Structure formats: structure tokens, C-alpha cells
Amino acid sequence: MKLKQRVVVLALLLVILVLTKLLLLDRLETSAAQRQDQLSFQRMMSGLRLTMDSRLEHTLQSPWEIASQWVVPREVYPEDTPEMGAVLHAMATKKIIRADVGYKGTQLKALLVLDGGQKVVFKPKRYSRDHVVEGEPYAGYDRHNAEVAAFHLDRILGFRRAPLVVGRYVNLITEIKPVATEQLLSTFLKQGNNTCFYGKCYYCRETEPACADREVMEGSVTLWLPDVWPLQKHRHPWGRTYREGKLARWEYDESYCDAVKKTPPYDAGPRLLDIIDTAIFDYLIGNADRHHYESFQDDEGASMLILLDNAKSFGNPSMDERSILAPLYQCCM
């Protein structure tokens with residue numbers, strides 16, 4: 001082989017060697033990065049994993065006292081909550097000592113008081129698990145399991161702004177009726193072999209009750225926030241009109257956010273960013289019904305936007321309602 005040919009072959013071999021080395025290094029780096037990602041994911045999952053256990057170790061406090069102490073202006077519960085499972089277990093199992101119609105609102109709910117004096121909001125099951133709600137993105141009844149799923153998404157995203165929620169079965173005959181107020185009892189009725197109630201709310205009708213499977217009703221219970229943290233209700237600046245043919249200003253004015261930025265409490269502090277966080281959260285769960293929102297009172301705009309009432313979510317898995325993201329793409333911050 002001539003010298004020139006040998007040089008060419010050696011050069012090719014050298015190039016192949018270098019490329020092989022680079023490829024191996026890249027694979028090693030990719031593998032290391034993947035391992036790091038897997039470890040990070042496992043750590044996150046470990047932190048999110050819950051054990052529904054009634055035991056509260058290293059404390060004489062009740063689960064209600066513990067949950068009450070978690071609440072601060074910018075979160076409902078802290079990142080590290082080893083007692084979370086015990087609190088959720090208590091919500092799902094503690095004896096019901098009083099039952100009443102729900103607080104003001106458009107959808108059916110009941111206000112329960114559990115052993116130890118803790119208030120919770122009970123939302124009954126209205127749909128089967130695989131039911132798809134057709135029509136407008138805010139159509140249909142509340143979905144109790146949407147409240148549960150939204151709470152856990154709040155945990156995954158690290159917002160920690162949603163009150164605790166857990167699923168619960170209640171026996172309407174043995175657990176609710178004996179401790180129910182006259183106002184709630186007056187809304188009970190039977191449909192065939194099933195016990196039902198229709199409660200008191202804006203859209204509650206005797207013709208549209210929620211019914212148990214005979215006596216046992218599935219639902220969700222949401223932990224009532226401590227009375228020392230009174231709530232203040234606000235109209236959402238990106239709320240809908242809910243009127244056919246009538247658009248809200250944000251639906252036709254792309255510069256709408258400029259006006260919002262000049263209006264308290266959105267002109268200072270974290271509230272506008274909270275609105276944008278909430279828009280992303282609502283888009284993920286499919287909630288197009290956040291016409292109002294709550295914060296803590298007398299906070300001068302410093303309180304978080306509390307992620308209450310997430311039940312108009314997960315109605316149609318095939319629908320992605322882009323307009324929910326309007327605060328994000330209009331404010332672009």
C-alpha cells in the first residue's frame with residue numbers, strides 16, 4: 001500500500017475512533033442524565049406517596065389541629081407533610097355528628113361536621129366514572145372525583161393551594177339522616193329503592209336529586225379551612241358571561257391584560273401571577289368555570305389565590321379549552 005493511501009486509511013480510522021469515543025461519551029452522559037431524572041422522579045413520587053393510616057406518631061394533637069396549623073398566607077399545607085395520610089384517613093372515616101345543607105353556591109353539596117368538630121364539604125357522585133360531559137366546557141353537574149384528582153394535581157405541581165380532599169362513602173340512612181337538620185331532611189326522597197336528596201342551592205331541584213346506590217352514596221369530602229383564616233371572594237377578571245351571544249371583554253380585546261394590570265390587587269404583589277398559575281392548573285384539569293375565586297381576607301393582595309371548587313373539571317377528556325389560558329397568553333408573564 002502506498003504511503004498516501006496509508007495516510008488516508010489512518011485518517012479514516014482516527015475519525016472513526018474519535019466519533020466512536022464521542023458517541024460512547026454521549027451515551028454515558030445521556031445514561032447518567034436519565035439515571036438522574038429517574039432518581040429525581042422517584043424522590044418526587046416518594047414524597048407524594050400517601051399511606052392512609054389513622055396513626056399520628058410523635059404528637060398528641062388531633063388531625064384537625066395539625067391541618068389547621070399548616071395553613072399560612074401562601075399555602076394550605078407545607079411541602080413536607082408526613083401526617084397527610086392520617087388527616088385524609090380521618091376525613092374519610094371519622095363519625096359524622098351533624099349534617100346540613102351546603103353553603104351558598106350553584107351546585108348541590110352538604111355541610112358535614114365530623115367527630116372533633118371539623119367541618120367538611122360533601123359533594124355527591126352524579127356521574128359514572130367513564131361518563132363524558134358534552135356541550136360547553138362548564139356544562140353538567142359537579143364531578144366529585146374531579147375534586148379528588150385536582151387536589152392531587154395541586155400536590156404534584158407544588159402549588160399547595162387546594163384544600164385537602166378525599167373520597168368517602170356515606171350511608172344516608174344510618175349516618176346522615178339521624179344527625180341532619182330539618183332543612184336538609186326536607187330534601188330527602190326515594191327513587192325506587194334508592195335514597196336521594198336535592199339540598200339547597202341555586203340550581204338544586206327536586207326533579208334532579210343525587211341518589212345513593214340504595215342507601216350508600218359515594219362522594220368527596222373537602223376539608224373546611226380554619227375559621228381564623230376567613231375568606232374573601234373576588235370576581236375573576238377572566239370570568240365568562242354565561243350568556244349566549246354576549247362576550248366578556250377579554251374574549252375580544254387582546255390588550256385586556258393592560259387594563260387588569262392597572263387595577264388593584266393586580267397592579268402589585270403576586271395576585272396576577274397567581275391568576276396565571278391558576279389558568280395553567282385549570283387548563284390541565286379542564287375547568288372553564290372559575291368565575292370567582294377566594295383569597296384570605298385583609299391580605300392587601302399578598303394572599304394566594306385558593307384553589308377551591310374544582311369539581312367542574314375532567315368532564316371531557318377529548319376537549320382542550322384553549323380560552324382557559326387567556327391570562328397566560330394575554331399577559332405573557
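Here the structure is a predicted model, which is why all the values come from computation and not from measurement.
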By side-chain contact (heavy atoms from CB on, under 4.5 Å), Ala99 pairs with (sequence neighbours left out) Leu112, Ile176, Val179, Ala180, Leu184

Before you tell me yes or no, could you show the steps for Asp115 and Arg98 under salt bridge (Lys or Arg N to Asp or Glu O under 4.0 Å), namely the whole-Å CA-CA distance, both residues' side-chain angles and the distance that decides it to 0.1 Å? CA-CA 9 Å; Asp115 190 23; Arg98 191 171 186 270; over 6 Å; no

What I'd like to find out is whether the side chain of [X] reaches to under 4.5 Å of the side chain of [Y], using heavy atoms alone.
{"X": "Gln330", "Y": "Glu254", "result": "yes"}
{"X": "Val221", "Y": "Val121", "result": "no"}
{"X": "Val113", "Y": "Ile96", "result": "no"}
{"X": "Asp227", "Y": "Lys119", "result": "yes"}
{"X": "Gln118", "Y": "Trp224", "result": "yes"}
{"X": "His89", "Y": "Leu50", "result": "no"}
{"X": "Arg214", "Y": "Asn194", "result": "yes"}
{"X": "Ile97", "Y": "Leu114", "result": "no"}

Inspect cysteines Cys211 and Cys196 and report if their side-chain SG atoms are under 2.5 angstrom from one another. yes

Are [X] and [Y] connected, step by step, through hydrophobic side chains (Ile, Leu, Val, Met, Phe, Trp, Tyr) whose heavy atoms are closer than 4.5 Å?
{"X": "Val71", "Y": "Val228", "answer": "yes"}
{"X": "Leu225", "Y": "Phe122", "answer": "yes"}
{"X": "Val260", "Y": "Tyr293", "answer": "yes"}
{"X": "Ile66", "Y": "Leu164", "answer": "yes"}

Between [Y] and [X], is there a salt bridge with N-O shorter than 4.0 Å?
{"X": "Glu147", "Y": "Lys123", "value": "yes"}
{"X": "Arg168", "Y": "Glu175", "value": "yes"}
{"X": "Asp289", "Y": "Arg240", "value": "no"}
{"X": "Arg161", "Y": "Asp277", "value": "yes"}

Quiz item: After noting the C-alpha distance and the side-chain angles of Ser323 and Trp250, does the key distance pass the side chain to side chain contact (heavy atoms under 4.5 Å, CB included) rule?
Solution: CA-CA 10 Å; Ser323 67; Trp250 63 267; 4.1 Å; yes

**Request:** Please report the C-alpha distance between Arg322 and Ile324 in whole Å, then the side-chain angles of each, then the deciding distance to 0.1 Å, and finally whether the side chain to side chain contact (heavy atoms under 4.5 Å, CB included) criterion is met.
**Result:** CA-CA 5 Å; Arg322 183 177 181 271; Ile324 298 171; over 6 Å; no

Handout entry: Trace of the side chain to side chain contact (heavy atoms under 4.5 Å, CB included) decision for His236 with Ile275
Key = CA-CA 9 Å; His236 197 297; Ile275 289 278; 3.8 Å; yes

Q: Kindly say whether Thr174 contributes a backbone atom to a donor-acceptor pair with the side chain of Asn171 at under 3.5 angstrom?
A: yes

Between [X] and [Y], a side-chain donor and acceptor under 3.5 Å:
{"X": "Tyr141", "Y": "Glu208", "value": "yes"}
{"X": "His234", "Y": "Glu294", "value": "no"}
{"X": "Thr181", "Y": "Gln183", "value": "no"}
{"X": "Gln61", "Y": "Glu83", "value": "no"}

Here the pair of heavy atoms bringing Cys331 nearest to Leu272 is SG-CD1, 4.2 Å

Nearest heavy-atom approach of Ala149 to Phe314 is CB-CE1, 3.7 Å

**Message:** Which label fits Tyr127 and His131: parallel for a plane angle under 30°, tilted from 30 to 60°, or perpendicular past 60°?
**Reply:** parallel

Kindly assign one of parallel, tilted or perpendicular to the pair Trp229 and Phe296, based on the angle between their ring planes and the thresholds 30° and 60°.
tilted

Rounded at 0.5 Å granularity, tell me how far [atom1] in [X] sits from [atom2] in [Y].
{"X": "Asp142", "Y": "Thr106", "atom1": "CG", "atom2": "OG1", "result": "6.5 Å"}
{"X": "Leu307", "Y": "Asp274", "atom1": "CG", "atom2": "CG", "result": "8.5 Å"}
{"X": "Asn310", "Y": "Phe281", "atom1": "CG", "atom2": "CZ", "result": "4.5 Å"}
{"X": "Leu231", "Y": "Leu308", "atom1": "CG", "atom2": "CG", "result": "6.5 Å"}
{"X": "Arg126", "Y": "Asn145", "atom1": "CZ", "atom2": "CG", "result": "13.5 Å"}
{"X": "Lys125", "Y": "His144", "atom1": "NZ", "atom2": "NE2", "result": "6.0 Å"}

- request: Check the pair His291, Tyr242 against side chain to side chain contact (heavy atoms under 4.5 Å, CB included), reporting the backbone distance first and the verdict last.
  value: CA-CA 10 Å; His291 44 81; Tyr242 297 94; 3.3 Å; yes

Aromatic Tyr77 / basic Arg155 pairing, under 6.0 angstrom, 45° off normal
no

Q.
For Tyr256, does the six-membered ring have the charged nitrogen or CZ of Arg249 within the cation-pi criterion, i.e. under 6.0 angstrom from the centroid and within 45° of the normal?
A. no

Q.
Can you confirm whether Tyr329 is buried at OH, in the sense that more than 12 heavy atoms of other residues, nucleotides or ligands lie under 6.0 Å from that atom?
A. yes

Quiz item: Quick check: are there more than 12 heavy atoms from other residues, nucleotides or ligands sitting under 6.0 Å from NZ of Lys262?
Solution: no

